[in-house]
**Student:** 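Starting off with a structure, shown below.
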Amino acid sequence: MPELPEVETMCRGIGSIVGMRIDGVDRPSCPCRPCVIEPDVTTLDQRLRHQLVAAIERRGKRVILRFEDDARLVIEPRMSGLVLLTDPPSNEHLRLRIRLSADSRPATELLVWDRRGLGTIRLLTAAEFESRVDQRLGPDALVIEAERLRERLKATARPIKVALLDQSVVAGIGNLYAAEILFVAGIDPRTRCDRLSRARWERVHMAIKEVLEEAIANEGSTLSDGTYRNALNNPGGYQNLHRVYDRQDQPCVRCPNGRIRRIVQAQRSTFFCGGCQKR
DNA sequence: CATATGTCCTGAGAGC
DNA sequence: TGCTCTCAGGACATAT
């Protein structure tokens with residue numbers, strides 16, 4: 001499930017298409033039902049043909065191709081989407097193909113593959129991007145300042161773990177990294193936001209940076225279902241460094257007698273150490 | 001306004 | 001073996 005580190009790895013992996021022009025967009029012959037693509041593939045092809053990829057950007061968990069006129073192709077992988085420059089994990093769930101070329105470089109294809117098909121692909125004008133993406137998302141988790149994070153949450157009664165998943169508060173943290181972040185911060189995920197001291201907000205903020213940067217350095221997490229791959233179809237390595245996620249009943253790596261617990265918050269699994277994560 | 005719930009989807013794993 | 005059932009999770013729409 002691509003969260004910020006996986007999406008950042010995807011973006012870095014497709015950086016080589018910056019400066020290339022789009023020769024065409026189509027949907028590879030594939031038995032799967034199309035995922036959300038706006039506008040439809042034919043219109044997308046007409047609008048994007050000959051456009052130069054000016055930049056690859058990331059905002060939260062979205063991959064963004066920016067063009068010269070500031071239009072943006074916004075790709076949300078959600079649960080199982082990938083962007084690839086090589087052959088996908090299977091030919092069964094290919095959703096979109098973007099053919100690119102440049103004078104001095106070999107032609108290439110950017111593929112969007114999505115096993116579950118919950119992801120979305122949208123071409124937005126600069127104004128649409130502003131209203132539909134930029135304004136709806138909180139600051140990116142790698143950029144947000146400690147005081148801004150606290151300002152946004154100090155008055156709410158929501159549990160800290162649930163609040164960190166809210167993309168309108170801070171963008172990029174999902175279920176896996178929320179658990180890892182709160183372990184590093186030493187905070188019980190059930191703690192109400194309005195009961196956290198300023199010092200503990202500082203710890204949450206530091207843990208966000210530390211965990212996400214470490215995960216990016218390891219190219220994200222590929223879970224046991226094997227879905228997540230980088231742009232070259234290689235798995236990440238951070239799953240080997242998880243301290244709590246999917247480790248229920250295993251010993252805590254930090255405190256002597258702690259065991260990792262699994263509870264459910266907002267219909268999602270939460271993993272934490274009952275020994276050293278404090279309310 | 002703040003918060004909670006239902007929905008989309010596929011494949012893995014459990015249980016019979 | 002092979003069927004049916006449940007579950008996982010991100011973001012959005014809808015309900016309270």
Side-chain angles (χ1 to χ4, degrees), chain A residues 1-10 27 30-38 58-64 74-83 88-96 112-122 124 128-129 131-138 140-141 151-181 189-195 212 215 220-229 235-236 238-239 242 244-248 262-271:
Chain A
M1 29 177 180
E3 303 181 26
L4 187 150
E6 291 76 26
V7 176
E8 177 65 23
T9 304
M10 291 178 190
R27 202 169 95 79
C30 173
C32 60
R33 134 204 168 285
C35 64
V36 171
I37 299 177
E38 291 175 3
R58 180 189 57 73
R59 178 72 188 274
K61 306 175 193 174
R62 291 157 163 87
V63 176
I64 299 161
V74 180
I75 303 169
E76 278 186 52
R78 297 211 185 168
M79 293 307 299
S80 57
L82 300 178
V83 295
S90 82
N91 288 322
E92 218 178 323
H93 301 293
L94 275 173
R95 311 287 173 166
L96 197 69
V112 179
W113 181 92
D114 189 342
R115 179 159 55 80
R116 294 186 189 170
L118 297 176
T120 67
I121 302 167
R122 290 190 171 92
L124 304 176
E128 286 169 340
F129 180 81
S131 61
R132 294 180 62 176
V133 178
D134 203 52
Q135 286 180 6
R136 291 191 197 194
L137 293 180
D140 191 84
E151 280 296 322
R152 294 185 147 238
L153 292 173
K154 65 178 182 186
T156 168
R158 303 161 86 190
I160 176 68
K161 190 264 190 173
V162 177
L164 289 178
L165 295 180
D166 184 339
Q167 302 300 297
S168 69
V169 170
V170 52
I173 299 168
N175 202 48
L176 189 164
Y177 291 103
E180 296 296 321
I181 285 163
R190 298 166 295 185
T191 311
R192 284 170 50 148
C193 288
D194 57 5
R195 304 268 169 85
L212 296 180
S221 302
T222 298
L223 304 182
S224 53
D225 70 0
T227 297
Y228 170 69
R229 304 274 153 171
Y238 193 67
Q239 65 280 2
H242 292 172
V244 289
Y245 185 79
D246 209 15
R247 291 193 68 244
Q248 64 267 39
R262 175 186 179 276
I263 61 172
V264 174
Q265 293 180 287
Q267 284 119 251
R268 281 173 170 77
S269 301
T270 296
F271 302 92

**Student:** Roughly, in whole Å, what's the span from CD in Glu38(A) to P in dC12(C)?
**Tutor:**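 Glu38(A) atom CD is separated from dC12(C) atom P by 12 Å.
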**Student:** For residues Ala141(A) and Ile173(A), report the shortest heavy-atom separation together with the two atoms involved.
**Tutor:**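 Ala141(A) and Ile173(A) have their closest heavy atoms at CB-CG1, 4.0 Å.
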**Student:** State whether the side chain of Thr222(A) and the backbone N or O of Tyr228(A) hold a donor-acceptor pair below 3.5 Å, judged by distance alone.
**Tutor:**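 Flag set: sc Thr222(A) to bb Tyr228(A) pair under 3.5 Å.
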**Student:** Report, one pair per line, the protein and nucleotides 2-4 of chain B atoms (nitrogen or oxygen only) whose separation is under 3.5 Å.
**Tutor:**
| unit_1 | atom_1 | unit_2 | atom_2 | d |
| --- | --- | --- | --- | --- |
| dT3(B) | OP1 | Thr156(A) | OG1 | 2.7 |
| dT3(B) | OP1 | Ala157(A) | N | 3.2 |
| dT3(B) | OP2 | Thr156(A) | OG1 | 2.8 |

**Student:** Apply the side chain to side chain contact (heavy atoms under 4.5 Å, CB included) test between Tyr245(A) and each candidate in Arg247(A), His242(A), Gln248(A); give the one that qualifies.
**Tutor:**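 Of the listed options, the one satisfying the test is His242(A).
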**Student:** Can you list everything that forms a side chain to side chain contact (heavy atoms under 4.5 Å, CB included) with Arg58(A)? Sequence neighbours excluded, please.
**Tutor:**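 Scan of Arg58(A) (side chain to side chain contact (heavy atoms under 4.5 Å, CB included), adjacent residues dropped) gives Leu4(A), Val7(A), Glu8(A), Cys11(A), Asp140(A), Leu142(A).
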**Student:** Rounded to the nearest angstrom, tell me the gap between atom CZ in Arg95(A) and atom C1' in dC8(B).
**Tutor:**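 About 12 Å, once rounded to whole Å.
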**Student:** Which of these, Glu3(A), Lys161(A), Arg268(A), sits in a side-chain hydrogen bond (donor to acceptor under 3.5 Å, both in side chains) with Asn175(A)?
**Tutor:**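 Single pass found, and it is Lys161(A).
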**Student:** Tell me which of Val264(A) and Arg78(A) sits closer to the 5' end of DNA chain C, going by the nucleotide each one is nearest to.
**Tutor:**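 Of the two residues, Val264(A) wins.
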**Student:** Hey, could you give me the CZ/CZ distance between Arg192(A) and Arg158(A), rounded to the nearest 0.5 Å?
**Tutor:**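 Answer for the CZ-CZ pair, Arg192(A) versus Arg158(A), is 13.0 Å.
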**Student:** May I ask you to evaluate whether His93(A) reaches the phosphate of dG11(B), defined as a side-chain N or O under 4.0 Å from OP1 or OP2?
**Tutor:**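 It does, given that an N or O in the side chain of His93(A) lies less than 4.0 Å from OP1 or OP2 of dG11(B).
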**Student:** Which is more 5' along DNA chain C, the nucleotide nearest Pro2(A) or the one nearest Arg136(A)? Just name the residue.
**Tutor:**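 By nearest-heavy-atom nucleotide position, the 5'-most residue is Pro2(A).
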**Student:** Using OP1 and OP2 only, check whether a side-chain N or O of Thr227(A) sits under 4.0 Å from dG11(B).
**Tutor:**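 Checking Thr227(A) against dG11(B): no side-chain N or O falls below 4.0 Å of OP1 or OP2.
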**Student:** To the nearest Å, give me how far apart CD1 (Ile75(A)) and P (dG10(C)) are.
**Tutor:**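 That distance rounds to 19 Å.
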**Student:** Quick one: Leu165(A) CG to dG9(C) P, roughly how many Å, whole number?
**Tutor:**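 Whole-Å distance recorded here is 10 Å.
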**Student:** Any idea which of dG10(C), dG11(B), dA8(C) is nearest the Lys61(A) side chain?
**Tutor:**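 The nucleotide sitting nearest to the side chain is dG10(C).
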**Student:** Over all strands shown, is Arg262(A) touching base, sugar-phosphate only, or nothing at heavy-atom distances under 4.0 angstrom?
**Tutor:**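 The answer is sugar-phosphate, as Arg262(A) gets under 4.0 Å only of primed atoms, P, OP1 or OP2.
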**Student:** With a 4.5 Å cut-off on side-chain heavy atoms, are Arg62(A) and Leu137(A) touching?
**Tutor:**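 Leu137(A) reaches Arg62(A) side chain to side chain.
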**Student:** Of the residues in residues 172-179 of chain A, which ones touch DNA chain C at a heavy-atom distance under 4.0 Å?
**Tutor:**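 By residue number: Gly174(A), Asn175(A).
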**Student:** Under the rule for side chain to side chain donor-acceptor pair (under 3.5 Å), what residues qualify as partners of Arg132(A), not counting sequence neighbours?
**Tutor:**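 Per chain and number, Arg132(A) pairs via side chain to side chain donor-acceptor pair (under 3.5 Å) with no residue.
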**Student:** Kindly indicate, with the supporting measurements, whether the criterion side-chain contact (heavy atoms from CB on, under 4.5 Å) is fulfilled by Glu76(A) and Arg122(A).
**Tutor:** CA-CA 9 Å; Glu76(A) 278 186 52; Arg122(A) 290 190 171 92; 4.2 Å; yes
**Student:** Find the distance Glu3(A):CD to dA8(C):P and express it as a whole number of Å.
**Tutor:**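 It is 16 Å, rounded to the nearest whole Å.
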**Student:** Any donor-acceptor pair under 3.5 Å joining the side chain of Arg116(A) to the base of dG11(B)?
**Tutor:**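 Per atom types, no contact qualifies.
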**Student:** Could you state the CD-P distance from Glu76(A) to dG9(C), rounded to the nearest angstrom?
**Tutor:**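 Result: 19 Å.
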**Student:** At their closest point, which heavy atom of Pro159(A) faces which heavy atom of Arg190(A), and how far apart are they?
**Tutor:**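 Between these two residues, the closest heavy atoms are CB-O, 4.0 Å.
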**Student:** The helix from dA2(B)-dT16(C) to dC16(B)-dG2(C): angle between its terminal axes, five pairs each, to 10°?
**Tutor:**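 The end-segment axes of the helix from dA2(B)-dT16(C) to dC16(B)-dG2(C) are tilted 50° relative to each other.
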**Student:** Just compare dA11(C), dA8(C), dC8(B) and give me whichever is closest to any side-chain atom of Leu118(A).
**Tutor:**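 So the side chain of Leu118(A) is nearest to dC8(B).
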**Student:** Considering only side-chain heavy atoms of Arg115(A), which listed nucleotide, dC8(B), dT10(B), dA13(C), is closest?
**Tutor:**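 Output: dT10(B).
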**Student:** Please pick, from dC12(C), dG11(B), dG10(C), the nucleotide with the shortest atom-to-atom distance to any side-chain atom of Arg268(A).
**Tutor:**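 Closest nucleotide among those given: dG10(C).
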**Student:** Find the distance Met10(A):CE to dG10(C):C1' and express it as a whole number of Å.
**Tutor:**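 In whole Å, dG10(C) C1' lies 13 Å from Met10(A) CE.
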**Student:** Please check if any side-chain donor atom of Glu6(A) sits under 3.5 Å from a side-chain acceptor atom of Tyr177(A), or the reverse.
**Tutor:**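 Distance-only check passes for Glu6(A) and Tyr177(A).
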**Student:** Under 4.0 angstrom, heavy atoms only, what part of the nucleic acid is Arg62(A) near: base, sugar-phosphate, or nothing?
**Tutor:**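 Counting heavy atoms under 4.0 Å across all strands, the contact made by Arg62(A) is with sugar-phosphate only.
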**Student:** Looking at residues at least two apart in the chain, or sitting in another chain, which of them share a side chain to side chain donor-acceptor pair (under 3.5 Å) with Thr156(A)?
**Tutor:**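 Listed in chain order: nothing, the list is empty.
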**Student:** Counting only side-chain heavy atoms from C-beta out, which of dA8(C), dA11(C), dG11(B) sits nearest to Tyr245(A)?
**Tutor:**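 Out of dA8(C), dA11(C), dG11(B), the nucleotide with an atom closest to Tyr245(A)'s side chain is dA8(C).
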**Student:** What is the distance from CD of Gln265(A) to P of dG10(C), rounded to the nearest Å?
**Tutor:**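 To the nearest whole Å, that distance equals 13 Å.
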**Student:** Using every non-hydrogen atom in the two residues, find where Asp114(A) and Pro77(A) come nearest and quote the distance to one decimal.
**Tutor:**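 The answer is OD2-O, 4.0 Å.
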